[in-house]
Novice: 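Take a look at this one; I'll ask things after.
Reminder, nothing fancy here: chain letters follow the sequence lines and each chain counts from 1. Side chains included, hydrogens not; waters and symmetry mates left out as well; all remaining heavy atoms used.
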Amino acid sequence: MLDVLRHPWHWSIAGILIGLTVPLLYLIGNKPFGISSSFRHICAACLPNNANYFNYEWRKETWNIFFVIGILIGGIVGSTILSNSDQFVIASSTQEQLATLGINDFTKIVPTEIFSFTGLFTIKGFILIVVGGFLVGFGTRYAGGCTSGHSITGISNFQLSSLIATICFMIGGFITTWLFLPIIFKL
Amino acid sequence: MKKIIEEEGTNHQLTGESLTSNLKYILIGICFGIVFVKAEIVSWFRIQEMFMLASFHMYGVIGTAIVVATISTLVIKKLNIKTIYGEEVVFSERPFNKGNIIGGLLFGFGWALTGACPGPLYGLVGSGFPVFIVALLSAVTGTYVYGILQDKLPH
């Protein structure tokens, strides 16, 4: 059994399990599935502020913090007890395209020459990790949700705003991968 | 079916929750984090593959999730299924505003740079890439700055 679980999971299994989280959270707690709101709760609970945006009953949202702590623990379990037995493989065209940018190590799930504490102190690393992280937090909250809140929960509830937001997420990603990354990797 | 505009947070449960009743959300989170790692959704390379249109993997994950979530949501609405506490399920509505576009684009930039949306950021910290703590703190800072500037930004 453990052996079966150790192989990388098929996209359909992951999609079904992620999709089922939506009704599960509705039915056990009357809560919409969403992850980026955790950033707001952390700000409201931990940082000093008078802004209206952080002035709400954050204690009622404790569940969301528990949920993201769970994701972190799940990351530990998934990469240790259940760690992949097979070699990590990405599309060869992506490997070629990334090799032209100077990325040559495709053995880990992220390029460790950039996503490490030594990489952090390079211009590339700073932009990908710090600027990228900032844009994730700023953008998701400005947009009113992320992949979970908009693309999955929102679209499943037939919300036009969520469909528009999702299209913009994708456009932003395409622009970055095709136009910004080649520039950033020349710096 | 109740509809409300989402502004004041997302928890619509009326029944009070103790700290221990919140523990079940850790369990759901753990399962979720395992899925993120096992299906390689946390991988920066998978995200580049998606934006390079070189693989169906991520489209398959997100597409299947949307289909399953849509069918489940329709079933809950049609059959008026109640929560385990007997409450009516609240489907919050998020009306369109310009933030969906501007914020959406900015998040798209961040998604392709970090190779992670918010869920995977937490998952990556757990799966042996501690440098993502910096990305996570930076994301919280981004939200903080948004909260302070909210009134001045176009919506």
Novice: Based on non-hydrogen pairs under 4.5 Å, which of B:G110, B:G126, B:A39, B:S21 is most in contact with chain A?
Specialist: B:G126
Novice: Take atom CZ in A:F185; do more than 12 heavy atoms of anything else shown fall under 6.0 Å from it?
Specialist: yes
Novice: Most heavy-atom pairs under 4.5 angstrom with chain A, which of B:T64, B:N100, B:T83?
Specialist: B:N100
Novice: Atom CD1 of A:I18 and atom CZ of B:F32: how far apart are they, to the nearest 0.5 Å?
Specialist: 5.0 Å
Novice: Enter the distance from A:I42:CD1 to B:L137:CG here, rounded to the nearest 0.5 Å.
Specialist: 8.5 Å
Novice: With the side chain counted from C-beta on, respond yes when B:Y25 and A:L25 share a heavy-atom pair under 4.5 Å apart, and no when they do not.
Specialist: yes
Novice: Identify, with sequence neighbours excluded, every residue that meets ring pair (Phe, Tyr, Trp, His ring centres under 6.0 Å) alongside B:F51.
Specialist: A:F174, B:W111
Novice: Select one option (side chain, backbone, both, neither) describing which atoms of B:L121 are under 4.5 Å from chain A's heavy atoms.
Specialist: side chain
Novice: Measuring from atom OG1 of A:T153 to atom CD1 of B:I66, what distance do you get when rounded to the nearest 0.5 angstrom?
Specialist: 10.0 Å
Novice: Given heavy-atom pairs under 4.5 angstrom as the criterion, report whether the side chain, backbone, both or neither of B:I76 touches chain A.
Specialist: side chain
Novice: By a 4.5 Å heavy-atom criterion (distance strictly below it), what part of A:S116 contacts chain B: side chain, backbone, both, or neither?
Specialist: backbone
Novice: Begin from the C-alpha positions of B:L124 and A:I109 and carry the test side chain to side chain contact (heavy atoms under 4.5 Å, CB included) through to its verdict.
Specialist: CA-CA 10 Å; B:L124 279 161; A:I109 56 168; 4.2 Å; yes
Novice: For residues A:W9 and B:I34, determine if any side-chain heavy atom of one lies less than 4.5 Å from a side-chain heavy atom of the other.
Specialist: yes
Novice: Please check if atom CG in A:L179 has more than 12 non-hydrogen atoms from other residues, nucleotides or ligands closer than 6.0 Å.
Specialist: yes
Novice: Quick one: of B:V68, B:I30, B:L106, B:V37, who has the most non-hydrogen atom pairs under 4.5 Å with chain A?
Specialist: B:I30
Novice: Tell me, for A:I13 versus chain B, whether the close heavy atoms (under 4.5 Å) come from the side chain, the backbone, both or neither.
Specialist: neither
Novice: Would you mind listing every salt bridge (charged side-chain N to carboxylate O under 4.0 Å, His left out) that reaches into residues 15-31 of chain A, with sequence neighbours excluded?
Specialist: A:K31-B:E17
Novice: For A:L160, is it the side chain, the backbone, both or neither that has a heavy atom under 4.5 Å from a heavy atom of chain B?
Specialist: neither
Novice: Which residue, B:E87, B:Q13, B:K82, forms the side-chain hydrogen bond (donor to acceptor under 3.5 Å, both in side chains) with A:N30?
Specialist: B:E87
Novice: Say you draw a straight line from CD of B:Q48 to CG of A:L101; how long is it, rounded to the nearest 0.5 Å?
Specialist: 8.5 Å
Novice: Measure from the side-chain N and O atoms of B:E49 to the backbone N and O of A:A91, and report whether any donor-acceptor pair falls under 3.5 Å.
Specialist: yes
Novice: Start with the C-alpha gap between A:H150 and B:R94, add the side-chain angles, then the distance that decides, and say whether side chain to side chain contact (heavy atoms under 4.5 Å, CB included) holds.
Specialist: CA-CA 9 Å; A:H150 268 316; B:R94 306 175 197 211; 3.9 Å; yes
Novice: Please classify the contact between A:L128 and chain B as side chain, backbone, both or neither, with a heavy-atom cut-off of under 4.5 Å.
Specialist: both
Novice: Which distance, rounded to the nearest 0.5 Å, do you find between the SG of B:C31 and the CD1 of A:I71?
Specialist: 11.0 Å
Novice: Flag the pair A:N84 / B:E40 as yes when at least one side-chain heavy-atom distance between them is below 4.5 Å, and no otherwise.
Specialist: yes
Novice: Which bit of B:V75 comes within less than 4.5 Å of chain A, counting heavy atoms only: side chain, backbone, both or neither?
Specialist: neither
Novice: Taking the side chain as C-beta and beyond, is there a heavy-atom pair between B:P118 and A:T140 under 4.5 Å?
Specialist: yes
Novice: Determine whether more than 12 heavy atoms belonging to other residues, nucleotides or ligands lie under 6.0 Å from atom CG of A:N50.
Specialist: no
Novice: Is B:M58 in contact with chain A via its backbone, its side chain, both, or neither, using a 4.5 Å heavy-atom distance?
Specialist: neither
Novice: When only pairs under 4.5 Å are counted, which of B:V125, B:D151, B:L113, B:I28 shares the most heavy-atom pairs with chain A?
Specialist: B:L113
Novice: Relative to chain A, which segment of B:L74 carries a heavy atom at a distance below 4.5 Å: side chain, backbone, both, or neither?
Specialist: side chain
Novice: Checking B:I41 against chain A: side chain, backbone, both or neither under 4.5 Å from a heavy atom?
Specialist: side chain
Novice: Among B:F109, B:Y59, B:F45, which has the most heavy-atom pairs under 4.5 Å with chain A?
Specialist: B:F45
Novice: Flag yes if more than 12 heavy atoms outside A:K108 fall under 6.0 Å of its NZ atom; otherwise flag no.
Specialist: no
Novice: Please walk me through it: do A:L5 and B:K38 pass side chain to side chain contact (heavy atoms under 4.5 Å, CB included)?
Specialist: CA-CA 8 Å; A:L5 292 176; B:K38 293 304 303 181; 5.7 Å; no
Novice: Using a 4.5 Å cut-off on heavy atoms from C-beta on, say whether the side chain of B:T70 contacts that of A:F158.
Specialist: yes
Novice: Hey, does A:P32 have a side-chain heavy atom less than 4.5 Å from the side chain of B:H12?
Specialist: yes
Novice: Do A:I183 and A:I127 sit in the same hydrophobic cluster, where Ile, Leu, Val, Met, Phe, Trp and Tyr count as joined when their side-chain heavy atoms come under 4.5 Å apart?
Specialist: no
Novice: Are any of the side-chain heavy atoms of A:F88 and B:S43 separated by less than 4.5 Å?
Specialist: yes
Novice: Pick one of side chain, backbone, both or neither for A:F67, based on which atoms fall under 4.5 Å of a heavy atom in chain B.
Specialist: both
Novice: Of the backbone (N, CA, C, O) and the side chain (C-beta and beyond), which part of B:L19 lies under 4.5 Å from a heavy atom of chain A, both, or neither?
Specialist: both
Novice: Are A:T166 and B:I62 close enough, and set up right, to give a side chain to side chain contact (heavy atoms under 4.5 Å, CB included), and what steps lead you there?
Specialist: CA-CA 11 Å; A:T166 302; B:I62 299 174; over 6 Å; no
Novice: For A:W178, is it the side chain, the backbone, both, or neither that has a heavy atom closer than 4.5 Å to a heavy atom of chain B?
Specialist: side chain
Novice: Please classify the contact of A:L181 with chain B as side chain, backbone, both or neither, using a heavy-atom distance under 4.5 Å.
Specialist: side chain
Novice: Looking only at the side chains, is there a donor atom on one of B:Y122 and A:S38 sitting less than 3.5 Å from an acceptor on the other?
Specialist: yes
Novice: Is A:C43 close to B:V140 at the side-chain level, that is, under 4.5 Å between some pair of heavy atoms?
Specialist: yes
Novice: Determine whether B:F107 and A:Y142 satisfy the following criterion, ring-ring contact (aromatic ring centres under 6.0 Å, His included), listing intermediate values before the conclusion.
Specialist: CA-CA 9 Å; B:F107 165 51; A:Y142 193 178; over 10 Å; no
Novice: Out of B:G63, B:A112, B:S138, B:G33, which one racks up the most heavy-atom pairs below 4.5 Å with chain A?
Specialist: B:S138
Novice: Please classify the contact of A:I103 with chain B as side chain, backbone, both or neither, using a heavy-atom distance under 4.5 Å.
Specialist: side chain
Novice: Side chain from CB out, backbone as N, CA, C, O: work out which of these in B:P130 comes under 4.5 Å of a heavy atom of chain A, or both, or neither.
Specialist: both
